[in-house]
Asker: 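The structure follows.
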Amino acid sequence: MNVLGIETSCDETAASVVQDGTTLLSNQVFSSMNLHAQFGGVVPEIAARSHLEVIETVIEAALEEAKFNWSDVDAIAVTQGAGLGGSLLIGVITAATLAIIKDKPLYSVNHVIGHVYANMIKTSPLNNYIFNSNQIEFPLLAIIVSGGHTQLAIFYDDLNYQLLGKTLDDAVGEVFDKVAKIIGLPYPGGPQIAHLAEDGDPNFYQLPQARLDNKYDFSFSGPKTAVLRLAQKEIGKDYNFPSFELKKYLNKTQKANIAASFQYVVVKTIVSKVKMAYNDFQPKSILLAGGVAANQELRRQLLEIIPAKQLFYPDIKLCTDNGAMIAARGFYQIKNNLKPVDPYQIDILPNLKM
Ligand code: KG4
Ligand code: ZN
C-alpha cells in the first residue's frame, strides 16, 4: 500500500511517498523559512502564497523521486489541521483535487498525530538507511515537542489515545525561538540555542520551573521571562529596558550561558513529566516527535531515565514538518479501517485538537 502524504500546515510545503507506513520512498520538502526570517517568525500570508507557488512541483518531485506514476499511488493523505488556515487550505484543496481527478481515496490527518507516526518509518531505499530496528509497542507514550505544540499523550493503540498534558502558554519550540531572538540568534532559534549551549554552563543561571494543577501540563512563559530579566540585570539595566536591544550588550559568554541554562531547564521540565508518565502508565515505547525531538540534550536526559531500546525518535529529516509522517499516519488509518473522506466535502481544521 503506497500512500502519498501532503503537508502544508505551516511554512513547509512537503510531499512524500511511504510504503506500508514504514518505508520511505521519497521525501520532498520546500521551506519558505528564508522569506520569514527577517520578521522573526512565520508570516501566514507569505507562507500560503509560497505553498501555492510550489505545491505542484513538490508533489511531482515526490512521485519522481519514488519513480512512481499516479497508477502506483494507492491513497492520498493530507494534513487537515491544526495549522495556519491559508496554508492548510492550499494542501487540502490540492489533495482533494488530485483525489478527484486521479480517482484515489483521500484521508485527512491530524498534524500532531502525524508527527508521532514519523517514528513508524523504519527504512528507506533512498539511502539504504535503517532509521530504527527496534519494535514499537503499545501502549506508547508520545512526547510531541514542536514549534506549535507541546503535548504528552498515551496511545493504547492507533486509534485510542489520551492527552495527558499540554502547554498552557508557549510551545517549547516557540519559546526556544523567542529566547533565541532575545540573545540575537536567527530564526528558527532551537538549533541555534542548542549549538550555542555547547559553549555555555547549564548551571550558570537558575531558571524557574512552573508548578501547575495538572502535573502533566507545561508552562514556559516563566523561564522565558526569567531569561529576559536576567539579561537586563547582566547588562546593568532595569525591567524597562527593551528586549530587542539586549543582544547588542550581552557578550558571547553571557549568551552561551543563557542558552545552556535555558535549554537545561526546559529539557529538565519535559523529562520530569515523562518520568512521571513512565511510572504512571508503564508504556512499552516512548516516542519523541516534532522539531524539538532533534534536540540532543533532550535525548541525553531522556536516556538517563529510559532504556535506549524503549526510546524512539525519527530521523532528523522527519522530526520537522514533512509529508512522510502524514503518509505514515494515513496508512495506519487505512489499516484500522477508517473511512476515506469525501474530497468534495473536506474542510480545513486550523484548531484541530488531539
Ligand atoms: O515540528 P516543527 O517543524 O514545527 C511545528 O510543526 O510546529 O518544529 C520547528 C521547531 C522550531 O521552533 C525550532 O526552533 C525547533 O523546532 N527546533 C529545535 C531544534 N531543532 C528544531 N528546538 C530545540 N533544539 C533543536 N535542536
Ligand atoms: Zn509540525
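Order of appearance sets the numbers: ligands from 1, and atoms from 1 within every ligand. Just so it is clear, the model here is predicted, and its values are computed rather than measured.
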Asker: Among all protein non-hydrogen atoms, which one is nearest to atom 14 (O) of ligand 1, and what is the separation to 0.1 Å?
Answerer: D177 OD1, 2.7 Å
Asker: Using distance alone, decide if ligand 1 has a nitrogen or oxygen within less than 3.5 Å of any nitrogen or oxygen in G190.
Answerer: yes
Asker: Return the orientation label for the H111 and H149 ring planes: parallel under 30°, perpendicular over 60°, tilted otherwise.
Answerer: tilted
Asker: Could you check which N/O/S atom of D321 is closest to the Zn ion (ligand 2)?
Answerer: OD1
Asker: Establish, from distance only, whether the side-chain atoms of E297 and Q263 form a donor-acceptor pair under 3.5 Å.
Answerer: no
Asker: Give the residue and atom name of whichever protein heavy atom lies nearest to atom 15 (C) of ligand 1, and the separation in Å to one decimal.
Answerer: V292 CG2, 3.9 Å
Asker: Take F262 and Y205, measure what ring-ring contact (aromatic ring centres under 6.0 Å, His included) needs, and give me the verdict at the end.
Answerer: CA-CA 8 Å; F262 166 77; Y205 301 109; over 10 Å; no
Asker: Verify whether one side chain among H51 and T8 offers a donor that lies under 3.5 Å from an acceptor in the other.
Answerer: no
Asker: Is it the side chain (CB and beyond), the backbone, both or neither of H111 that lies under 4.0 Å from ligand 1, heavy atoms counted?
Answerer: side chain
Asker: Is R49 salt-bridged to E45, cutoff N-O under 4.0 Å?
Answerer: no
Asker: What part of Q263 sits under 4.0 Å from ligand 1 if we count only heavy atoms: the side chain, the backbone, both or neither?
Answerer: neither
Asker: In terms of ring plane angle, is the pair F281 and Y216 parallel, tilted or perpendicular, where the classes change at 30° and 60°?
Answerer: tilted
Asker: Ignoring hydrogens and angles, state whether a donor on the side chain of D11 or S32 is under 3.5 Å from an acceptor on the partner side chain.
Answerer: no
Asker: Before signing off on this row, confirm whether A194 and ligand 1 have an N or O atom pair separated by under 3.5 Å.
Answerer: no
Asker: Among all protein non-hydrogen atoms, which one is nearest to atom 3 (O) of ligand 1, and what is the separation to 0.1 Å?
Answerer: D321 N, 3.3 Å
Asker: Taking N or O atoms only and a 3.5 Å limit, does G173 qualify as a polar contact for ligand 1?
Answerer: yes
Asker: Which residue and non-hydrogen atom of the protein lie closest to atom 7 (O) of ligand 1, and at what distance in Å?
Answerer: G148 N, 2.7 Å
Asker: Verify the distance test for H111 against the Zn ion (ligand 2): any N/O/S atom under 2.8 Å, yes or no.
Answerer: yes
Asker: Pull out every atom of ligand 1 sitting under 4.0 Å from any heavy atom of H115, numbered as shown with elements.
Answerer: 1 (O), 6 (O)
Asker: Answer yes when D170 and K178 have at least one side-chain N-carboxylate O distance shorter than 4.0 Å, and no when they do not.
Answerer: yes
Asker: If you have a sec, work out which protein heavy atom is nearest atom 9 (C) of ligand 1 and how many Å separate them, to one decimal?
Answerer: G147 N, 3.8 Å
Asker: Keeping the roles fixed (side chain from E7, backbone from S9), state whether a donor-acceptor pair exists under 3.5 Å.
Answerer: yes
Asker: Angle class for the F218/F220 ring planes (parallel below 30°, perpendicular above 60°, tilted otherwise)?
Answerer: parallel
Asker: Would you please say whether a donor-acceptor pair under 3.5 Å links the side chains of Y156 and Q162?
Answerer: yes
Asker: Please determine whether any non-hydrogen atom of Q296 lies less than 4.0 Å from an atom of ligand 1.
Answerer: no
Asker: Is N295 in polar range of ligand 1, meaning some N or O pair under 3.5 Å apart?
Answerer: yes
Asker: Going by heavy atoms, is C10 under 4.0 Å from ligand 1?
Answerer: no
Asker: Does H115 bring an N, O or S atom to within less than 2.8 Å of the Zn ion (ligand 2)?
Answerer: yes
Asker: Distance under 4.0 Å to a non-hydrogen atom of T320: what atoms of ligand 1 satisfy this?
Answerer: 3 (O)
Asker: Give yes or no for whether the N/O distance cutoff of 3.5 Å, strictly under, is met between G291 and ligand 1.
Answerer: yes
Asker: Would you say S16's side chain and S26's backbone share a donor-acceptor pair under 3.5 angstrom?
Answerer: yes
